[in-house]
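Take a look at the structure below.
Note that the coordinates shown come from a computational prediction; the quantities given were computed from them, not determined experimentally. Here is how names work: the chains are called A, B, and so on, in the same order as the sequence lines, proteins then strands, and each is numbered from 1.
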Amino acid sequence: MKLQVPSQGAGDRAELRIDDLARAAGTTVRNVRAYQDRGLLPPAARRGRANIYEQAHLERLQLIAQLLDRGHTLAGIKELLDAWESGTGLGGVLGLVAEVTAPWSDEEPVRLGRAAMVESFHGVEDLHAIDVAVRLGVLIPVPEDDGVDADEFLVPSPGLLDVAVELHALGVPLPAITGHLEELRQDITHLARRFVEFSAIHIFVRYAGHQLTDQEAVEAVGTVRRLRPLARAAVDAELARAMRLEATRLLDAAVAGPLRELVREEL
DNA sequence: CTTCTTACA
DNA sequence: TGTAAGCA
């Protein structure tokens with residue numbers, strides 16, 4: 001909530017015309033209107049004869065586009081959206097929105113001097129790697145400077161940086177590390193999206209169509225609160241399983257003889 | 001004139 | 001969902 005990643009241009013509060021909105025969401029003006037007519041998209045504020053949209057509209061449009069892309073029908077999406085809507089009406093008061101919006105991490109950001117960081121990488125200073133790290137949000141240049149020339153960085157996830165340090169200590173080149181993280185980021189985003197979507201469909205859809213009772217609202221908050229540990233547990237278990245499988249597979253191909261059994265024990 | 005809307009395919 | 005013509 002307090003961490004702002006300066007990823008995009010500062011002018012996020014801009015008012016959008018329907019054309020900009022459509023383009024930004026990768027759809028067409030025609031569709032924006034169609035979604036509005038079907039109640040998937042909230043009506044735009046009107047200034048005279050002009051339609052004024054803002055980022056809330058953009059976000060919803062992008063959500064619609066994603067769900068559509070995944071083969072959901074417009075009717076189905078509307079049902080989900082309605083469920084969401086009726087939840088936030090009451091949930092806004094109860095902090096349901098905050099629960100969903102809050103960063104799913106309990107890590108404390110730290111400040112790290114450039115010299116100290118270079119030090120932890122055994123004196124290796126790879127400007128390109130730093131550049132990628134900044135782009136990925138692993139490092140955030142402190143406001144006074146910008147770009148790769150900053151003297152100090154904000155590290156949102158010290159744990160993640162530690163991973164990089166460890167890998168580097170093991171002899172993995174920095175470009176390989178940043179490149180791998182970039183790939184991992186995409187895969188994980190995909191995972192998270194699936195999980196949230198799955199939850200929405202199978203859990204929140206039962207609240208569709210009516211205002212939430214107090215009882216239901218409390219339930220919903222509890223459910224959302226449980227989502228993170230559930231997701232983590234599932235990913236943890238599956239990751240462990242997959243790692244064991246893949247490692248075993250690799251070892252079978254690479255190690256022969258009695259050594260194989262010994263190594264396999266270690267997994 | 002441009003932007004939005006409506007209607008038709 | 002694209003396109004063309006009418007409306008503000």
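Atom CD of A:E119 sits in a sparse spot, with 12 or fewer heavy atoms from other residues, nucleotides or ligands closer than 6.0 Å.
Ion pairing between A:D19 and A:R23 holds under the 4.0 Å rule for side-chain N and carboxylate O. Under the 4.0 Å criterion applied to side-chain N and carboxylate O atoms, A:E246 and A:R249 are assigned as salt-bridge partners.
Computed from coordinates, the A:I18 CD1 to C:dT1 P distance equals 14 Å when rounded to whole Å. Between A:R17 atom CZ and B:dC1 atom C1' there is a gap of 14 Å when expressed in whole angstrom units. In this entry the distance linking CG of A:N31 with P of C:dT3 reads 12 Å, nearest Å. What separates CD of A:Q36 from P of B:dT6 is a distance of 11 Å, to the nearest Å. Counting to the nearest Å, the C1' atom of B:dT2 and the CG atom of A:N51 are 14 Å from each other. Whole-Å rounding puts the A:R30 CZ to B:dT3 P distance at 19 Å. In this structure, A:L68 atom CG and C:dT1 atom C1' are separated by 11 Å, rounded to whole Å.
When atom types are taken as modelled, the side chain of A:H57 and the backbone of A:E54 share a donor-acceptor pair closer than 3.5 angstrom.
The aromatic rings of A:H122 and A:H168 sit tilted, their planes meeting at an angle between 30° and 60°.
Both distances falling under 3.5 Å, in either a Watson-Crick or a G-U wobble arrangement, occur for no nucleotide opposite B:dT3.
Checking C:dG2, B:dT3, B:dT6 against every side-chain atom of A:R33, the shortest atom distance belongs to B:dT6.
Contacts of A:D19 with the nucleic acid, taken as non-hydrogen atoms under 4.0 Å apart, are absent.
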Anything under 3.5 Å between a protein N or O and an N or O of nucleotides 4-7 of chain C, put it in a table, one pair a line.
none

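Across A:Q36 and A:P43, no two heavy atoms sit closer than the pair NE2-CA, 3.6 Å.
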